[in-house]
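Along the sequence shown, residues are numbered consecutively beginning with 1. Nothing here was measured: the structure is a model prediction, and the numbers come from that model.
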Amino acid sequence: MHMTTIALLLAILGLVASAFLVGGVICAATLGFGIYLFLKEKTIENLRIIAISAAGVILPIIMYLNTYGFHLPYQDDSDRSAFSTILATNYGNLGIDIFGKEKPKETASAEEAPIQEDEAANAENLDDAASSATSGENLESALARLKDKNEKAEEEADSGASGSIFESLDSIRKEDKNKGGIVSIAPSDDNMPSYGGLPVGTMLVAQYFREDDHNCNPVLVLQNKTGDLVRYECRFIARDKDGEELATSEKTVEVVRNEALFVFEGRFDKRDLGGNIPDSYEFSITKREPYEEDMANLVSVYTATEGSSALLTAENKSDRKVKVDAYVLFFDGSELVDCMWMIPQNTDEVCLDPGSAATIKGDAYYRFDRVETFYTAYEAVGEG
């Protein structure tokens, strides 16, 4: 058989095998041989060998970049090898479950039905509130009705649960742990090792650690029991297994009333962590007198859910501009799956005009069944 024909057949074989990564080596060899043949005899047949071989070399590279980007392979929650992870990721993006471990569509549909009913009910609540406001009912009454409906729905949802934020994963029903084929508890790892210091009179209520494809987020829920208005500052440090600092994240909460709950969220870009999650994180919290005037007693905040989104509405009942900093935590069972910093606004600045209200929408990346909202409010000094 002619050498050109053999090289062409090897190039085609390598291209097919490249769809499963292993053909890259064959294509690299035939690419070099094809270039040699082309330099020796410039024909269209030799160009075909070069083109097919080049495609077979590029395909595995694209599949790798689509999975890990420009980072070295890192371990995920599936415990698969890097080879299996690359195949699963790329074929999964095409809708092909190459390892045959996805749940049947019939099961997913059956489990999604209750979620869709809840979503429809929440959407109806929002439509009712909007209709009442536009038909002559004042804004305060409409917001009050929305708040009452959401509180009633939350009470019904929690009627069979302990209500503790430290609820064990063992208490979550088996059918609720995986909804629609999604491992909904995966984003949160509440057992992430952490250590830190708190000011006197500040209590740690709950702590979580969640991650997605791009970020790692330690989340702290705290309570001010100092008896005073306090400004809190927090510095998060991500550390590796040797305790070396990988990255830092700093946040401030301007004004917290006595007995109020508030949230600190650290945010670490995985690009700064080499594509991995830290082995532990440290937090350091300090307090001081606030610079701003507390306005929380003149602000009302309501949160409703609609599909995969949360709608947060803040009403400023004062005669001054107010800034509202809110955190909405999304839970699936007792697992934190998303955390959003939301600032409702109706001016060119990030604040609320006197006697006005505004709504902001946040879309959750993961499936959730309830939300918790924490907020602070203070006078928007210097705004406008």
Side-chain angles (χ1 to χ4, degrees), residues 1-109 178 180-184 186-187 211-216 240-241 246 268-279 365-366:
M1 188 178 293
H2 197 275
M3 291 297 294
T4 302
T5 304
I6 295 175
L8 180 61
L9 291 174
L10 286 174
I12 295 172
L13 176 63
L15 178 59
V16 173
S18 290
F20 298 93
L21 301 180
V22 294
V25 176
I26 300 175
C27 287
T30 54
L31 177 61
F33 188 58
I35 293 173
Y36 167 77
L37 292 176
F38 182 76
L39 293 176
K40 187 176 180 180
E41 184 179 357
K42 295 179 175 60
T43 64
I44 190 66
E45 289 81 6
N46 292 333
L47 277 177
R48 289 195 188 100
I49 296 171
I50 293 174
I52 295 173
S53 299
V57 171
I58 294 172
L59 181 58
I61 296 174
I62 293 175
M63 294 175 71
Y64 180 91
L65 294 177
N66 189 41
T67 305
Y68 296 111
F70 293 98
H71 302 295
L72 293 174
Y74 49 84
Q75 186 67 40
D76 60 15
D77 294 330
S78 66
D79 293 327
R80 295 192 184 109
S81 65
F83 176 82
S84 299
T85 299
I86 293 172
L87 291 181
T89 299
N90 285 272
Y91 282 95
N93 291 339
L94 297 174
I96 302 172
D97 181 17
I98 193 171
F99 294 107
K101 293 183 179 179
E102 291 294 337
K103 295 178 69 176
K105 292 185 178 180
E106 293 78 9
T107 303
S109 299
N178 296 280
I182 299 173
V183 182
S184 53
E211 62 163 323
D212 53 35
D213 291 340
H214 306 290
N215 300 300
C216 295
D240 63 17
K241 63 181 179 179
L246 297 173
F268 299 112
D269 192 318
K270 279 192 173 180
R271 290 176 297 184
D272 299 329
L273 303 174
N276 299 306
I277 63 173
D279 286 84
Y365 186 76
Y366 295 94

Asker: Per the side-chain contact (heavy atoms from CB on, under 4.5 Å) rule, which among T43, L47, I49 passes with E45?
Answerer: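 Considering T43, L47, I49, a side-chain contact (heavy atoms from CB on, under 4.5 Å) with E45 is found only for T43.
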
Asker: Search all heavy atoms of C216 against all heavy atoms of I277 and return the closest pair with its distance.
Answerer: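 So the minimum-distance heavy-atom pair works out to SG-CG2, 3.5 Å.
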
Asker: Using 0.5 Å steps for rounding, measure from the CD1 atom of I12 to the CD1 atom of I26.
Answerer: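 Reported value, rounded in 0.5 Å steps: 12.5 Å.
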
Asker: To the nearest 0.5 Å, what is the distance between CD1 (I62) and CD1 (I86)?
Answerer: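 Taking CD1 in I62 and CD1 in I86, the distance rounds to 13.0 Å.
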
Asker: Rounded to the nearest 0.5 Å, what separation is found between the OG1 atom of T4 and the CZ atom of F33?
Answerer: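 Reported to 0.5 Å precision, the distance equals 7.5 Å.
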
Asker: Going from SG on C27 to CD1 on I50, what distance comes out if it is rounded to the nearest 0.5 angstrom?
Answerer: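 So the SG of C27 and the CD1 of I50 are separated by 13.0 Å.
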
Asker: Quick one: which of L10, L9, L8 gives a side-chain contact (heavy atoms from CB on, under 4.5 Å) with T30?
Answerer: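 Going through L10, L9, L8 one by one, the side-chain contact (heavy atoms from CB on, under 4.5 Å) with T30 is satisfied by L10 alone.
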
Asker: If you compare all heavy atoms of L246 against all heavy atoms of L273, which two are closest, and at what distance to 0.1 Å?
Answerer: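 Minimum heavy-atom contact is CB-CD2, 3.6 Å.
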
Asker: Hey, what do you get for CG (N46) to CG (L37), rounding to the nearest 0.5 Å?
Answerer: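 Rounded to the nearest 0.5 Å, the CG-CG separation comes out at 5.0 Å.
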
Asker: Roughly how far apart are M63 CE and I58 CD1, rounded to 0.5 Å?
Answerer: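 Atom-to-atom, M63:CE and I58:CD1 are 14.0 Å apart.
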
